[in-house]
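Worksheet: the structure to be examined is printed underneath.
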Amino acid sequence: MTEPIQNGIPTVTLRPGVDIPLLGLGTWQAKEGEAYEAVRAALDLGYRHIDTARAYGNEEEVGRAVADSGIDRSEIVVTTKLPPDDADDAPRIIDESLAKLGFDHVDLWLVHWPPNKEARPDVWENVIAAQQAGKARAIGVSNYSPAQIDELIAATGVAPAINQIPWSPADYDADLVAAHRERGVVLEGYSPFKRTDLDDPVLAEVAAAHGVTPTQVVLRWHLDTGVVVIPKSVNRDRIAANLDVTGFTLTEDEIARVSGLGA
Ligand SMILES: NC(=O)c1ccc[n+]([C@@H]2O[C@H](COP(=O)([O-])OP(=O)(O)OC[C@H]3O[C@@H](n4cnc5c(N)ncnc54)[C@H](OP(=O)(O)O)[C@@H]3O)[C@@H](O)[C@H]2O)c1
């Protein structure tokens, strides 16, 4: 169910109708000053999706970079996250995140981790309330299991639009993909490179076949399997290289071989 392309990158529609580019910029561990420059570079190069979190300490830099980019705010999808330690304070935390970002809404607000490893439907109720108040266009979770997602749905009737989890070829798990699809929850992966052996011969062969790098194969594999991916870089050349994955697609056989790294 991918949709038309934005700057060459396919998008997927999150409930209740938020189009999110399948490829965005991650900002975890971007040091002070780096996040601003990285987001400016990314937006300049054509990214329209930025992933931050209260815990990353860079919401202010991200918001300032979005404002200074000159690009209409409505064209950019920005995600931030509710830390589990602040889960009981969700109404205050969303207001603080918005103040730091300088926005009147975020496009996607996620519960960063299950608080104390529990689903906590009461926390999810507050996230739903923030969406109803217009403070988040779409809402979701991160690091939740399908069983924990079921708990949220059973208690509130509202499914998270997305679940952001560790994902890479080595993590590929057809059952987990199916579990998300069955629940209508979009799968978003994080740490695509850190979790990958970039010297793997399969990635090298597929990369050589297309005249690209193994990192580009990893990103294209996400796009070709409909998984959202948010590679982090603070280096303009690497930010550009990570977006430069629109000139090729993987064959069915190549997708199967790359997914096979998770078998
Ligand atoms: N929800 C969660 O719990 C959670 C957890 C972890 C991450 N995340 C999100 O996911 C994003 C991505 O994950 P991540 O930051 O853990 O890891 P990642 O994106 O897999 O890897 C980032 C590392 O790869 C390097 N890199 C980037 N592009 C490269 C390229 N083309 N070639 C070689 N090296 C490259 C970066 O260095 P340079 O910056 O120097 O280029 C950095 O050291 C995070 O930034 C964050 O937004 C979410």
Side-chain angles (χ1 to χ4, degrees), residues 20-42 45 47 49-59 61-62 65-66 77-87 97 101 106-115 117 127 139-145 148-149 160-171 180 185-200 203-204 207 210 212-223 227-246 261:
I20 182 170
L22 284 184
L23 193 147
L25 179 76
T27 64
W28 182 40
Q29 294 174 326
K31 297 193 195 81
E32 207 176 328
E34 286 181 340
Y36 175 84
E37 294 300 337
V39 174
R40 282 300 302 273
L45 288 160
Y47 285 70
H49 167 191
I50 310 292
D51 182 86
T52 182
R54 176 180 171 92
Y56 303 166
N58 58 25
E59 288 171 312
E61 284 189 39
V62 168
V66 167
V77 170
V78 178
T79 302
T80 195
K81 312 188 190 91
L82 170 68
D85 289 350
D86 293 320
S97 282
L101 286 159
V106 284
D107 303 283
L108 180 60
W109 197 35
L110 307 180
V111 183
H112 205 150
W113 294 85
K117 302 187 178 164
V127 174
I139 52 174
V141 293
S142 179
N143 299 300
Y144 272 59
S145 67
Q148 288 172 322
I149 289 172
I162 200 164
N163 187 22
Q164 186 182 113
I165 59 173
W167 198 248
S168 68
D171 293 304
H180 283 82
V185 178
V186 171
L187 182 54
E188 175 172 25
Y190 68 70
S191 304
F193 302 149
K194 285 183 188 166
R195 302 180 66 83
T196 297
D197 173 6
L198 293 169
D199 295 326
D200 187 282
L203 296 179
H210 293 280
V212 299
T213 63
T215 49
Q216 290 170 322
V217 170
V218 169
L219 297 175
R220 190 69 231 182
W221 171 80
H222 284 76
L223 302 192
V227 175
V228 183
V229 64
I230 42 173
K232 173 264 180 186
S233 180
V234 293
N235 173 286
R236 189 182 174 99
D237 291 344
R238 289 192 285 277
I239 293 171
N242 293 344
L243 187 67
D244 187 14
V245 292
T246 55
L261 297 175

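Throughout, numbering of the chain's residues begins at 1 and tracks the sequence. Start at 1 and go down the list; that is how both ligands and their atoms are numbered.
Regarding atom 13 (O) of ligand 1, its nearest protein heavy-atom neighbour is S191 N, 3.1 Å. Summary of contacts: the protein heavy atom closest to atom 21 (O) of ligand 1 is K194 CG, 3.7 Å. For atom 25 (C) of ligand 1, the nearest protein heavy atom (residue, atom name, distance) is K232 O, 4.1 Å. Counting protein heavy atoms only, atom 48 (C) of ligand 1 is closest to Q164 OE1, 3.0 Å. Nearest to atom 20 (O) of ligand 1 among the protein's heavy atoms is F193 N, 2.7 Å. Considering only non-hydrogen protein atoms, atom 12 (C) of ligand 1 sits nearest to I230 O, 3.1 Å.
Partners of H180 by ring pair (Phe, Tyr, Trp, His ring centres under 6.0 Å), not counting sequence neighbours: none found. In terms of the salt bridge (charged side-chain N to carboxylate O under 4.0 Å, His left out) criterion, D200 has no residue partners (sequence neighbours excluded).
Contact annotation for N143 and ligand 1: only side-chain heavy atoms (C-beta onward) come within less than 4.0 Å of the ligand. Under 4.0 Å from ligand 1, the heavy atoms of T27 that appear belong solely to its backbone. Residue contacts with ligand 1 for V234 involve both N, CA, C or O and side-chain atoms from C-beta outward (heavy atoms, distance under 4.0 Å). Only the side chain of S142 comes within contact range of ligand 1, with a heavy atom under 4.0 Å; no backbone atom does.
How far NZ of K81 is from CH2 of W28: 10.0 Å, rounded to the nearest 0.5 Å.
Proximity to D51 (heavy-atom distance under 4.0 Å) selects the following atoms of ligand 1: 9 (C), 46 (C), 47 (O).
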